Every structure is written in structure tokens, then in C-alpha cells.
Amino acid sequence: MPTPKRTPLIAGNWKMNGLRNSSQEIIQLRDHLAQVPSLNCDVLICPPFTLLNTFADLVHNTPIQLGGQDCHSAASGAHTGDISAPMLKDCGAGWVIVGHSERRSDHGESSQLVLDKAKAGLKAGLNVIVCVGETEVQRDAGETLAVVGEQLTHSVPAGSTAAKLVIAYEPVWAIGTGRTPTDQEIEQVHGFIRQQLTKRIGEQGQAMRCLYGGSVKPSNAAQILPLNDVDGALIGGASLKARDLIDVINHCN
Ligand code: PGA
């Protein structure tokens, strides 16, 4: 089967960072991208919910897309403190991240709940990033592929398409630690994810983007982004500063 062309996605996950004065980073990113004659990747920023509306005004009609970092599995209702997928859409988001390891660990989210959230995002018309990844204990026990396989099987909705769903492989031990797996380790897991997706959803699995996440920064992007079956990155810390994110984006161009 010929490998379909997959446009890289550079996605920034701001986590619980950013106040209204962080708009200056988005403005700097926006103004820089406006000067790039042809952008070779998709660019997504997932700020905290509180900034979505403000950022949506700033990036209107630009290549910068916006997403939420989580959503509830229901569209509305008595769920104090939660945000639904239709609310994200209403604020100008086109995407939602579900199943981030910090949600899975801080909030005890199961793969079943992540699946329900992914379905809610798709139902609301959002593109969905489903995160998977092993802990250090699981890696040391040789369980990486089993864990990632289980998360994929149980968190990715049946009938998912490459146009609407993206996988992010984020080894938990590499997130925010400055440590990254070796190139071979990344390619092994991404190859496995590709194989699992293809088995399950055929050609859509071949075309589906699979991002690497965990301590991606300007100094290692040139090494990580060209790896086999790596179709972009989900970036935490290094996405907070426009300059750093621009440096990573430049490695796709
Ligand atoms: P990091 O976070 O780039 O700060 O390691 C990545 C993520 O958790 O999405």
C-alpha cells in the first residue's frame, strides 16, 4: 500500500498556563506565519479554556487553529466546572485533546471515558487528538506496546477517520522532564500504532497522523520530526513562547 502524504501537525498544549497578556505570544506567532510563503504543516494551539475566545478573535482567517485541552462526554447538563465539546466549538475551537496523561492520572480518566469524550468531540464537529503513552514503570516492565495497544483499542472510536482524528504518543516519563526516548524507541511505538490503526480502520489508519509528544523543543525537533511515522508533535512547555514554537515549525518547512 503506498504511504499517503500526511501533513505534519504542530500542536501546542498550554496546559494550565497563560493569562490574557499571553495574547502577545499568539500575535507574534500569527504575524510570523503571515510572512511564511507556504507553510508545510498545520498549526494548532490549545490554550486554557479561559483564553479560547480571546485567541479566536486574534487568529480568525489565519493558519492558526485552536483547540480545547479536554471536554466532558455530555453536551450539556449538571456538571459543575466542566466544559462540553459544543461549548468549545462555540468559542472558536476546531479541536479537542482527550486522554492526556495528566487527565488520565490527575482525574482518574479511564480509556472508556476517553472514548466517550472523543465521541463527544467528533459529534460536536471538532477534530480530536487522542493521547496514549506508557509510564516509566510500564516501560521498565516491558509493557509499552501492550499499554499503548490497550489505550488505542479502548479510546479510539470505531469508524474514526484520518481527517477528524489524530493520535498523540506521549510517554508519560518524557513529559515535562527534558528526557526523550531514543529515535528507535519512538519509531518502534509509532510503527506499532500505525500497524494497529491499519488493522482496525484500514486505509484511514495509514492516513491518520500520529504525533510524538514529550519534551519536544527547538533543539530536538530536527531529530524527532523526520522519524518514520512521526507526523508532527504535541508540545507543552516549548509551545508557550512563540519564538520556540516558530523554531519547531521551521523544522517542518
Ligand atoms: P512537554 O509536554 O512538551 O512539556 O513535555 C507535552 C505534553 O504533555 O503534551
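Just so you know, residue 1 is the first one in the sequence shown, and it goes up from there. Treat the numbers as computed from the prediction; the structure is a model and nothing was measured. Start at 1 and go down the list; that is how both ligands and their atoms are numbered.
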Just jot down the side chain to side chain donor-acceptor pair (under 3.5 Å) partners of Lys15, sequence neighbours excluded, or say none.
-> Glu102
Judged by heavy atoms only, the candidate from Gly236, Gly213, Gly133 nearest atom 6 (C) of ligand 1 is Gly236
Going by atom types alone, do Ser22 and Glu25 pair a side-chain donor with an acceptor below 3.5 Å?
-> no
Are any of the N or O atoms of Gly176 closer than 3.5 Å to those of ligand 1?
-> yes
Which of the atoms in ligand 1, numbered in the order shown and given with their element, are less than 4.0 Å from a heavy-atom of Gly214?
-> 5 (O)
Return the residue, atom name and 0.1 Å-rounded distance of the protein heavy atom closest to atom 4 (O) of ligand 1.
-> Gly237 N, 2.9 Å
May I ask whether Ser215 has any heavy atom positioned less than 4.0 angstrom from an atom of ligand 1?
-> yes
Is Lys15 close to ligand 1, meaning an N/O of one under 3.5 Å from an N/O of the other?
-> yes
Taking only non-hydrogen atoms of His100 and a 4.0 Å limit, the atoms of ligand 1 in range are 7 (C), 8 (O), 9 (O)
Flag, side chain of Arg30 to backbone of Leu58, donor-acceptor distance under 3.5 Å = yes
Measure the CG-CG distance between Asp70 and Leu88 for me, rounded to the nearest 0.5 Å.
-> 8.5 Å
Please state which part of Ile175 comes within less than 4.0 Å of ligand 1, counting heavy atoms only: side chain, backbone, both or neither.
-> both
Counting heavy atoms only, which of Lys217, Arg179, Glu170 is nearest atom 9 (O) of ligand 1?
-> Glu170
Does Pro47 offer a backbone N or O that forms a donor-acceptor pair with the side chain of Gln69 under 3.5 Å?
-> yes
For Asn13, atoms of ligand 1 separated by under 4.0 Å from a heavy atom = 9 (O)
Would the number of heavy atoms belonging to other residues, nucleotides or ligands and lying under 6.0 Å from NE2 of His107 be above 12?
-> yes
Ring pair (Phe, Tyr, Trp, His ring centres under 6.0 Å) pairs touching residues 178-210, sequence neighbours excluded, are Tyr169-His190
